[in-house]
Amino acid sequence: MEIEANQLKDVVNRLKRVQGQLGGVIRMIEEGRDCADVVTQLAAAARALDRAGFKIIATGLRQCMVEEEGERKLDEAQLERLFLSLA
């Protein structure tokens with residue numbers, strides 16, 4: 001699936017925030033912070049990654065279903081596997 005970069009600008013921004021969150025989680029672990037705080041931040045980063053993945057799929061969905069030379073780029077089963085890979 002190829003998607004134009006300008007269509008995914010908000011995804012890139014979200015991933016940059018996740019990158020910062022992960023750096024924060026690493027620092028928290030190195031500093032010996034409370035386990036509950038670390039897990040809370042890690043869960044927030046995981047949710048943000050999931051949302052980025054869903055956004056990528058949603059943005060490219062139209063392109064995936066477009067027929068090229070009479071043939072679809074991705075069939076329904078392949079799209080379902082993409083969504084389930086994020087579940």
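- Taking CD1 of Ile26 as the reference point, atom CD of Glu31 lies at 12.0 Å (rounded to 0.5 Å).
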Just distance, no hydrogens or angles: give the donor-acceptor pairs under 3.5 Å from side chains in residues 32-43, sequence neighbours left out.
residue : atom : partner : partner atom : Å
Asp34   : OD2  : Ala36   : N            : 3.2
Thr40   : OG1  : Ala36   : O            : 2.7

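- Residues passing the side chain to side chain contact (heavy atoms under 4.5 Å, CB included) test with Ala44, sequence neighbours excluded: Gln21, Arg47.
- Under the side chain to side chain contact (heavy atoms under 4.5 Å, CB included) criterion, Asn13 pairs with Lys9, Arg17, sequence neighbours left out.
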